[in-house]
Amino acid sequence: MAELIYGAEGDPVHMPEHLLAHVKLVVATKLRRNESFMLTWRHPDGSGRSSVWLEPSIPLRFVFETIEEPAIDHALLANLAAAASSNGGLVLDLADVRLLGASGEGTPPQEHRQPEVAQPAA
């Protein structure tokens, strides 16, 4: 598991390494452009959800257990980027995350679904 830590004394948000690698790319791109946005995640234990307003002035840390960079799934990356640019922001359902296949090809095995990213109602 990897950790996203927001704020100087923030509690870590735990998520699979491959998902955090994708979130890191989206967040870095948005913040580099000075685009603030909302990040929301549903707690995996079903106890609720949390949201943070991401902006360049607040410390942010990505902590990974492994040295290797995971394969990037470009469809997942595009989905996350589109959600981050929406009115509802990026919403992660950590209880429904599926790991990428061990093949390293960047595409999950057929029996696994992509992590669902909640989209705001139209």
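Values below: all heavy atoms of this structure, side chains included; hydrogens, waters and symmetry mates excluded.
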> Does Leu77 share a hydrophobic cluster with Leu39, counting links as ILVMFWY side-chain heavy atoms below 4.5 Å and allowing steps through other members?
Replying inline: yes

> What residue among Leu90, Val23, Val52, Leu4 forms side-chain contact (heavy atoms from CB on, under 4.5 Å) with Trp41?
Replying inline: Val52

> Which heavy-atom pair separates Pro56 from Asn34 by the least distance, and what is that distance?
Replying inline: CG-OD1, 3.2 Å

>> Strictly by salt bridge (charged side-chain N to carboxylate O under 4.0 Å, His left out), give each pair with a member in residues 19-39 just once, sequence neighbours left out.
In response: Lys30-Glu35

>> Working to the nearest 0.5 angstrom, can you tell me the gap between Leu25 CG and Leu80 CG?
In response: 9.5 Å

>> The criterion is side chain to side chain donor-acceptor pair (under 3.5 Å); which residues satisfy it with Ser47, sequence neighbours excluded?
In response: His43, Asp45

> When rounded to the nearest 0.5 angstrom, what distance separates CD in Glu3 from CZ in Phe64?
Replying inline: 11.0 Å

> Would you say Glu17's side chain and Pro70's backbone share a donor-acceptor pair under 3.5 angstrom?
Replying inline: no

> Roughly how far apart are His22 NE2 and Asn79 CG, rounded to 0.5 Å?
Replying inline: 10.5 Å

> So do Val13 and Leu20 actually touch side chain to side chain, heavy atoms under 4.5 Å?
Replying inline: no

> Heavy atoms, side chains only, cut-off 4.5 Å: are Leu60 and Leu31 in contact?
Replying inline: yes

>> Clusters formed by hydrophobic residues whose side-chain heavy atoms approach within less than 4.5 Å: which one holds Val63, and what are its other members?
In response: Ile5

> Taking only residues two or more places apart in sequence, or in another chain, which ones meet Met1 in a side chain to side chain contact (heavy atoms under 4.5 Å, CB included)?
Replying inline: Pro16

>> Taking salt bridge (charged side-chain N to carboxylate O under 4.0 Å, His left out) as the cut-off, I'd like each qualifying pair that reaches into residues 48-64, sequence neighbours left out, listed once.
In response: none

>> Which heavy atom of Trp53 sits nearest to which heavy atom of Ser36, and what is that distance?
In response: CZ2-CB, 3.5 Å

